[in-house]
Enquirer: 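Okay, handing you the structure first.
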Amino acid sequence: MIPEADPTPDGPQYEGRPLDRPDDEVVDQGAGFDLRTLVSRRGILSIAGLGVGAAALAACTAVGNAAASPSATGAATPSPTPTPTPTPRPTATAPLPAGEIPDETAGPYPGDGSNGPDVLEQSGIVRSDLRSSIGGGATADGVPLQFTLRITDMANGDTPFAGVGVYAWHCDAQGRYSMYSSGVENESYLRGVQVTDPDGQVTFTSIVPGCYSGRWPHIHFEVYPSVDAITDSANAIATSQLAFPESMLGGVYALPAYDGSAANLAGVTLASDNVFGDDGGALQVATVTGDASSDFSAMLVARVDTTTAPTGGSMPGGGPGGR
């Protein structure tokens, strides 16, 4: 069911909040409005320990179950529909890295509005499963990957940085970036936004990215100070990249879906990569479990220091060195 706004003397509102774009539908309000909606629902549902994606899923499931429950007829007493209990995400337990997550380029394919395409303006970008394009379209094929980013607040003793927005994106198995690369310009897969939970965590479901020429396999991410700030890429308090350990890549890149990745990987190392090469990705290589025959789980702890000015960001029109 498509949500509808309520007319009020102050303009159209949804769940008591004015629409950011009064002339557009509720589903077309963009990432900022979607995030505020989900955060509000999470508070109402009192499932603060879950990620935004899980909260939304719980809310939608409850609505679906209510609609599907038969109404009472005669003297029959309908059986109550049990409320599903979402499975909580595990808290990342890796030790703190030695320093702040390095600021890196967002590359020429950020999709954050800094150089053209802006997926953050699309309703539906707030999601945990990145594999399909928003609103339908193509689904990215590849080895399943669940990756968790745990953000800590260095300025406050490395406490979990709860309530910050995280936008993550990466290439597909063929090394293409949705919204930019030839053949997938009209797709929006492998991009998504979530808000960190009380443990400072977000978890995304995706695929292992391919390896394209000149770069070590990686995932881009931006951290925003609040749900309202995420609509402007200039508000990011950290822009960085997650790297993958070489030990997991051989089995993945031997699969047909990753044609060409093995050869590209042979031409680059963490030490020679133009992003990770200054320290071999010491603070950016994720801890990974799993295997190519099933799926992988990756986790990275990113310490963010709000007392330092961020120096990363997009590189509009950048060449191979900035991807």
Side-chain angles (χ1 to χ4, degrees), residues 2-3 5 10-43 51-53 55-56 103-130 133-135 149 151 153 161-170 177-180 185-197 200 202 204 219-241 302 304 306 309-316:
I2 298 176
D10 298 319
Q13 297 184 2
Y14 180 66
E15 295 186 349
R17 291 178 294 104
L19 300 188
D20 291 343
R21 305 169 189 166
D23 296 329
D24 294 336
E25 300 291 336
V26 171
V27 295
D28 295 323
Q29 296 300 304
F33 190 86
D34 287 356
L35 284 168
R36 292 192 297 276
T37 298
L38 292 176
V39 169
S40 174
R41 287 176 180 172
R42 181 168 63 182
V52 168
D103 283 318
E104 307 289 9
T105 175
Y109 315 121
D112 59 7
S114 59
N115 70 343
D118 190 355
V119 76
L120 301 180
E121 289 293 316
Q122 296 187 28
S123 188
I125 187 60
V126 182
R127 58 192 185 150
S128 61
D129 193 331
L130 312 182
S133 289
I134 299 168
L149 296 169
I151 314 299
D153 184 357
F161 218 149
V164 297
V166 178
Y167 167 44
W169 72 98
H170 63 86
Y177 282 90
S178 67
M179 306 180 75
Y180 293 90
E185 303 96 326
N186 297 322
E187 304 297 342
S188 55
Y189 56 54
L190 307 183
R191 301 178 182 273
V193 170
Q194 287 194 69
V195 172
T196 56
D197 64 17
V202 292
F204 295 96
I219 292 176
H220 295 268
F221 63 94
E222 294 172 336
V223 181
Y224 290 83
S226 68
V227 296
D228 293 316
I230 205 164
T231 55
D232 186 346
S233 62
N235 293 330
I237 56 176
T239 301
S240 196
Q241 299 180 27
V304 174
T306 56
T311 58
S314 64
M315 187 178 67

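These numbers come from a predicted model, not from an experiment.
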Enquirer: When rounded to the nearest 0.5 angstrom, what distance separates CD in Q241 from CZ in F221?
Expert: 8.5 Å
Enquirer: Give, for atom CG of L149 and atom CD of Q194, the distance between the pair rounded to the nearest 0.5 Å.
Expert: 9.5 Å
Enquirer: Once rounded to the nearest 0.5 Å, what's the spacing between atom CD of E104 and atom OG1 of T239?
Expert: 9.5 Å
Enquirer: Do V227 and V195 touch side chain to side chain, with heavy atoms closer than 4.5 Å?
Expert: yes
Enquirer: Decide yes or no on side-chain contact (heavy atoms from CB on, under 4.5 Å) for D153 and V304, but give the supporting numbers first.
Expert: CA-CA 6 Å; D153 184 357; V304 174; over 6 Å; no
Enquirer: Give the minimum heavy-atom separation between S188 and I134, together with the two atoms involved.
Expert: OG-N, 2.8 Å
Enquirer: If only side-chain N and O atoms count, and only distance matters, is there a donor-acceptor pair under 3.5 Å linking Y189 with D129?
Expert: no
Enquirer: Which atoms form the tightest heavy-atom contact between N235 and A229, and what is the distance?
Expert: ND2-O, 3.0 Å
Enquirer: A side-chain contact here means heavy atoms from C-beta on lying under 4.5 Å apart; do Y224 and S233 qualify?
Expert: yes
Enquirer: What are the two closest heavy atoms between S133 and R127, and how far apart are they?
Expert: C-NH1, 4.2 Å
Enquirer: Just wondering, do P108 and Y180 contact through their side chains at under 4.5 Å, heavy atoms?
Expert: no
Enquirer: For side-chain contact (heavy atoms from CB on, under 4.5 Å), just list the numbers for L120 and T231, CA-CA rounded to whole Å, side-chain angles, deciding distance to a tenth of an Å, and then say yes or no.
Expert: CA-CA 6 Å; L120 301 180; T231 55; 5.8 Å; no
Enquirer: Roughly how far apart are I125 CD1 and Y167 OH, rounded to 0.5 Å?
Expert: 6.0 Å
Enquirer: Using every non-hydrogen atom in the two residues, find where P225 and I237 come nearest and quote the distance to one decimal.
Expert: CD-CG2, 3.9 Å
Enquirer: Got a sec, which residues hit side chain to side chain donor-acceptor pair (under 3.5 Å) with S178, two or more places apart in sequence or on another chain?
Expert: R191
Enquirer: Could you go step by step and tell me if S114 and D112 meet the side chain to side chain donor-acceptor pair (under 3.5 Å) rule?
Expert: CA-CA 6 Å; S114 59; D112 59 7; 2.6 Å; yes
Enquirer: Side chain to side chain contact (heavy atoms under 4.5 Å, CB included) with V166: which of I230, T196, V193?
Expert: T196
Enquirer: To the closest 0.5 Å, what do you measure between CG (L190) and CE (M179)?
Expert: 12.5 Å
Enquirer: On a heavy-atom basis, which atom in A236 and which in E222 lie closest, and how many Å separate them?
Expert: CB-CB, 4.4 Å
Enquirer: Report yes or no: does Y177 contribute a side-chain atom to a donor-acceptor pair with the main-chain N or O of E185 at less than 3.5 Å?
Expert: no
Enquirer: For F161 and T306, run side-chain contact (heavy atoms from CB on, under 4.5 Å): C-alpha distance rounded to whole Å, both residues' side-chain angles, the deciding distance at 0.1 Å, then the answer.
Expert: CA-CA 11 Å; F161 218 149; T306 56; 3.9 Å; yes
Enquirer: Roughly how far, to the nearest 0.5 Å, is CD1 of I219 from OG of S240?
Expert: 12.0 Å
